[in-house]
Protein chains: 4
Amino acid sequence: MKRGSSDLPTSVRPPAKRVGGARASSPPTKSSATAGRDAPSTRAAKAAERRAAIVDAALDEFTARGFAATRIDDVAKRAGVAKGTIYLHFTDKEAMFQELVRTALVPTMQRLTSQPAPGVSARQMLETFAETFLRDVAQTRRGDILRLVMAEGTRFPSLAEFHYRNVVEPGVAGIRRILELGVARGEIHAASLAQFPQLAVAPVVLSVIWQGLFGRFAPLDVQAMLRAHLDLIFGERTAP
Amino acid sequence: MKRGSSDLPTSVRPPAKRVGGARASSPPTKSSATAGRDAPSTRAAKAAERRAAIVDAALDEFTARGFAATRIDDVAKRAGVAKGTIYLHFTDKEAMFQELVRTALVPTMQRLTSQPAPGVSARQMLETFAETFLRDVAQTRRGDILRLVMAEGTRFPSLAEFHYRNVVEPGVAGIRRILELGVARGEIHAASLAQFPQLAVAPVVLSVIWQGLFGRFAPLDVQAMLRAHLDLIFGERTAP
Amino acid sequence: MKRGSSDLPTSVRPPAKRVGGARASSPPTKSSATAGRDAPSTRAAKAAERRAAIVDAALDEFTARGFAATRIDDVAKRAGVAKGTIYLHFTDKEAMFQELVRTALVPTMQRLTSQPAPGVSARQMLETFAETFLRDVAQTRRGDILRLVMAEGTRFPSLAEFHYRNVVEPGVAGIRRILELGVARGEIHAASLAQFPQLAVAPVVLSVIWQGLFGRFAPLDVQAMLRAHLDLIFGERTAP
Amino acid sequence: MKRGSSDLPTSVRPPAKRVGGARASSPPTKSSATAGRDAPSTRAAKAAERRAAIVDAALDEFTARGFAATRIDDVAKRAGVAKGTIYLHFTDKEAMFQELVRTALVPTMQRLTSQPAPGVSARQMLETFAETFLRDVAQTRRGDILRLVMAEGTRFPSLAEFHYRNVVEPGVAGIRRILELGVARGEIHAASLAQFPQLAVAPVVLSVIWQGLFGRFAPLDVQAMLRAHLDLIFGERTAP
DNA sequence: GATGAATGAGTGTTCATTCAT
DNA sequence: AATGAATGAACACTCATTCAT
């Protein structure tokens with residue numbers, strides 16, 4: 001439907017229910033024949049599939065309409081399940097919302113910030129960060145989720161805090177490390193930058209909001225802007 | 001209730017209706033022409049008061065809960081009027097929401113961007129901008145409104161566009177002028193900055209979001225951060 | 001606006017308020033000069049005018065929408081008065097409705113049934129009745145009022161009863177007299193007809209309903225039908 | 001409650017939905033194919049029951065109060081269901097009203113007019129018609145519905161037209177056929193009667209209105225009146 | 001487990017009526 | 001008397017949640 005209706009590792013949470021292990025990948029060898037022993041495997045797989053479909057549909061609806069305006073009915077329809085089924089997986093609309101949004105960004109953010117980055121320059125590290133962010137977040141449904149957090153965070157303090165602990169804080173810390181490296185290596189002159197790593201991420205935040213609100217009629221060349229931002233931090237690139 | 005429940009020039013729109021002539025501000029010295037009684041003046045004043053109360057209450061509720069979760073009933077209660085009274089001033093919950101949010105920021109933004117600023121340095125101009133923003137927006141209810149626009153803008157495209165035309169575009173244009181001045185005067189080395197004035201505002205945007213979402217448990221020293229940002233743009237201040 | 005927006009003797013009830021006598025007809029001899037002694041006359045006249053306007057507007061609205069769907073606001077607007085003014089003339093929406101509808105038909109019905117009828121034949125009497133009815137009721141707004149009574153009568157028993165006492169009963173009685181005359185004179189053979197004068201009026205009732213409900217797409221030639229009805233009662237006309 | 005709260009074949013429309021096969025009437029002898037449980041049958045039956053209850057309650061309320069004054073809440077209460085349940089069956093108060101009233105009379109009218117009537121006299125045919133009408137309409141809730149159509153038809157043009165096409169037109173056509181037969185056979189002398197079959201039905205229409213409005217305090221002996229009417233058309237009965 | 005019919009509390013909106021001006 | 005802003009009870013309709021099948 002939209003950009004990346006399935007670009008997320010939908011299985012936000014493993015099947016969980018019975019039979020923890022069996023993943024949906026293994027083919028149902030003998031299928032459900034007469035309800036033999038591998039039936040549970042199939043059943044679990046189906047459950048996982050269902051859950052994934054719900055998660056996926058819910059994220060679509062929530063990002064499109066916000067928490068309050070999203071109808072469970074629509075989520076169910078989009079997921080191809082009955083309304084009641086949703087309540088087998090989530091206690092509550094709010095619980096669903098929070099759980100989904102909470103977990104939707106964590107894996108990505110981990111990947112984004114855990115750049116081991118061996119001996120590359122700080123500038124390159126930030127460039128990689130920016131590229132990855134653009135590719136994996138800004139241009140996928142994750143950008144919508146980020147916007148959703150910003151939009152609904154005020155109404156769901158625990159969600160905001162979760163997001164802070166798991167997404168923002170690690171991200172800021174990672175950036176800070178890079179900046180300190182840059183300062184130590186003399187790549188960066190403004191020493192105070194390392195005290196406010198937020199300054200390095202601010203353009204990224206702005207771009208997410210901008211595209212969401214104004215992108216339709218006033219698109220922003222985010223890539224160029226981020227490059228200009230790096231130039232500001234590191235000075236203009238001398239030679240390519 | 002909160003920070004600045006009445007720090008806005010509530011009279012988002014003048015009484016309008018049949019106001020004979022006498023404005024609510026100036027005392028009805030001789031009242032309106034031959035009409036004799038100053039009743040209309042009083043009545044109009046009361047109407048304006050009521051409208052202001054509604055506007056005020058509505059902004060409080062909307063910023064606190066968002067559009068969908070705000071109950072007209074609560075707005076009425078907070079404004080001290082009956083529910084029906086609200087419908088004498090606004091056709092509809094959505095109309096109320098949009099009208100309020102639309103106009104709430106415009107005057108401020110005009111003041112903020114229309115700095116004539118004669119012969120001061122570009123750095124001082126940006127400093128003034130930052131200070132004014134902190135004082136008049138970030139630390140007042142207007143910050144909440146800004147957040148509200150970001151939060152609900154996606155669901156109200158026309159609102160987003162209005163906001164862009166009347167708040168964002170003029171603001172960006174004003175900043176750009178300052179930046180170009182700075183580049184021309186040699187205050188700013190990164191020439192590409194003038195191409196993306198958004199970079200200069202990004203920390204301000206981030207701070208609004210940050211304080212709204214994480215301020216409770218992870219407050220940000222916005223003033224210090226903005227100073228660091230200016231240092232990044234203009235270079236560290238040599239001597240105070 | 002519609003057929004006969006003012007074909008009724010709007011002054012359903014005389015001014016009533018102060019100064020019983022002064023009718024709207026007499027010109028305000030010296031006008032309201034300095035609020036002299038004839039001011040009351042003018043005032044009363046104006047009041048009567050206002051009342052008439054309200055009555056007129058109310059009948060239009062009630063016949064067009066029925067009791068429940070008629071808004072006092074609309075009546076006021078149509079009458080060119082303020083909403084509150086209506087409550088100076090009627091205690092209540094229901095009171096207004098009943099009073100209007102009650103009196104709207106009485107004078108007409110009196111004229112319709114009080115045919116002195118000197119020495120004409122019974123057939124001619126009924127013909128006159130039919131013609132008068134067509135001209136003064138069916139083709140004017142009174143037809144709508146008749147329909148209104150039929151439509152809302154169930155919900156306003158006292159209205160129905162008033163209508164019965166003042167419109168139906170006299171009407172039926174009048175018709176019965178004619179029929180008895182016809183039987184006595186040998187014009188009418190079916191003696192039992194005089195026992196059910198309703199049979200003679202039934203086509204008239206039907207035509208009012210028919211035109212109101214189906215007239216748009218299946219108009220009925222009421223005149224021809226009524227002629228056929230007379231033929232049925234009196235036998236075909238031999239020579240014109 | 002009143003006369004015939006359940007004298008209508010309430011099931012205005014069959015259960016419809018997913019009814020597997022087994023109809024509510026025939027006992028689920030072997031139930032539907034291999035589905036095993038006859039649950040669907042039971043569920044469908046219950047749904048049909050509920051719908052019937054709603055239809056029944058709604059007709060009662062609508063005929064008692066008219067469209068505008070009927071409260072969904074009351075219909076629900078009377079039907080013994082929750083308010084929301086009504087919206088599972090009808091999209092809208094107006095839709096409910098129209099659908100109910102539309103279909104409530106059709107089957108009866110079909111029975112009433114489709115008298116094949118082999119070799120009986122025209123008079124007997126009309127007598128049968130009158131008797132059937134009295135028994136099945138005038139003295140049941142259907143009379144109320146007829147009145148309802150007359151009362152609200154002006155406000156619901158499509159309803160009026162539906163009623164015309166499905167009730168009035170066929171009825172009039174049927175009567176016309178009888179009248180033509182009567183004229184052809186010499187039973188009826190007034191040839192023009194066949195041109196206005198409405199004349200033959202007018203007393204029936206009148207009686208429905210009369211009883212609804214004035215029946216309480218001025219009951220009408222409809223049977224006797226209709227007999228007199230037939231006498232008028234066919235001439236007095238000579239021998240029983 | 002899965003379903004979806006049923007529920008009923010909740011909310012936006014209307015409108016008859018009042019009353020200060 | 002006339003006005004029309006203000007009131008608040010009333011009501012249609014929605015939708016999260018439950019539970020019998």
Side-chain angles (χ1 to χ4, degrees), chain A residues 17-18 43-44 46-47 50 68-77 81-94 96, chain B residues 17-18 37-44 46-47 50-51 68-76 81-94 96, chain C residues 17-18 43-44 46-47 50 68-77 81-94 96, chain D residues 17-18 37-44 46-47 50-51 68-76 81-94 96:
Chain A
K17 304 292 164 183
R18 304 186 221 166
R43 203 183 288 172
K46 260 191 190 162
R50 271 201 150 78
T70 290
R71 273 164 310 201
I72 294 286
D73 234 343
D74 289 346
V75 172
K77 221 164 285 168
V81 302
K83 210 178 348 175
T85 305
I86 290 182
Y87 286 86
L88 298 174
H89 293 270
F90 302 93
T91 53
D92 203 302
K93 188 188 177 185
E94 191 175 321
M96 171 165 66
Chain B
K17 301 294 164 183
R18 283 215 215 162
R37 331 165 261 208
D38 47 10
S41 164
T42 306
R43 196 182 289 187
K46 259 192 190 162
R50 270 202 150 75
R51 187 174 221 275
T70 290
R71 281 179 305 252
I72 294 285
D73 239 344
D74 288 348
V75 173
V81 301
K83 206 176 357 171
T85 304
I86 289 181
Y87 287 88
L88 296 175
H89 294 272
F90 303 94
T91 51
D92 182 299
K93 188 185 177 187
E94 190 174 324
M96 171 163 68
Chain C
K17 304 293 163 181
R18 302 187 221 168
R43 205 182 288 171
K46 259 190 190 161
R50 271 204 150 76
T70 290
R71 272 165 311 203
I72 295 285
D73 233 343
D74 288 348
V75 174
K77 221 164 284 168
V81 301
K83 214 185 332 181
T85 304
I86 290 181
Y87 287 86
L88 298 174
H89 294 269
F90 303 93
T91 55
D92 205 303
K93 187 187 177 187
E94 191 174 322
M96 170 165 67
Chain D
K17 301 294 164 183
R18 283 215 215 160
R37 329 165 260 205
D38 48 8
S41 165
T42 306
R43 196 182 290 188
K46 259 192 190 161
R50 271 204 148 76
R51 189 172 219 277
T70 290
R71 280 179 307 248
I72 294 287
D73 239 342
D74 288 347
V75 174
V81 302
K83 199 175 3 170
T85 305
I86 289 181
Y87 288 89
L88 296 175
H89 294 272
F90 303 93
T91 51
D92 196 297
K93 188 186 175 185
E94 190 174 323
M96 172 164 65

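Lettering of chains follows the sequences in order, A, B, ..., and the numbering in each one begins at 1.
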What N/O pairs connect the protein and nucleotides 9-12 of chain F at under 3.5 Å? Give each pair on its own line.
{"unit_1": "F/dC11", "atom_1": "OP1", "unit_2": "D/Arg71", "atom_2": "NH1", "d": "2.7"}
{"unit_1": "F/dA12", "atom_1": "OP1", "unit_2": "D/Thr70", "atom_2": "O", "d": "3.2"}
{"unit_1": "F/dA12", "atom_1": "OP1", "unit_2": "D/Lys93", "atom_2": "NZ", "d": "3.3"}
{"unit_1": "F/dA12", "atom_1": "OP2", "unit_2": "D/Ile72", "atom_2": "N", "d": "3.3"}

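The side chain of C/Leu88 lies closest to F/dA1 when the candidates are F/dG4, E/dT3, F/dA1. Nearest to the side chain of A/Arg50, among E/dA6, E/dG4, E/dA2, sits E/dA2.
The structure places CG of D/Asp92 at 8.0 Å from CD1 of D/Ile72, a figure rounded to the nearest 0.5 Å.
Scanning both residues, B/Ala68 and A/Ala68, for their nearest heavy atoms gives CB-CB, 3.3 Å.
One finds no side-chain N or O of B/Lys46 lying less than 4.0 angstrom from the OP1 or OP2 phosphate oxygen of F/dA6. An OP1 or OP2 oxygen of E/dA6 is reached within less than 4.0 angstrom by a side-chain nitrogen or oxygen of D/His89.
Looking at residues two or more places apart in sequence or on another chain, you find a side-chain contact (heavy atoms from CB on, under 4.5 Å) between C/Phe90 and C/Arg51, C/Ile54, C/Val55, C/Ile86, C/Met96, C/Glu99, C/Leu100.
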- line: Writing each nucleotide of DNA chain F 5' to 3' as (, ), [, ], | or . by Watson-Crick or G-U pairing under 3.5 Å yields .||||||||||||||||||||
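C/Lys83 places no side-chain N or O within donor-acceptor distance of the main-chain N or O of C/Asp74, the cut-off being under 3.5 Å.
Each of D/Thr85 and C/Thr91 has a nearest nucleotide on DNA chain E; the 5'-most of these lies closest to D/Thr85.
Following rounding to the nearest Å, A/Glu94 (CD) and F/dT17 (C1') show an atom-to-atom distance of 14 Å. Rounded to whole angstrom, the span from the CD1 atom of B/Ile86 across to the C1' atom of E/dT14 amounts to 14 Å.
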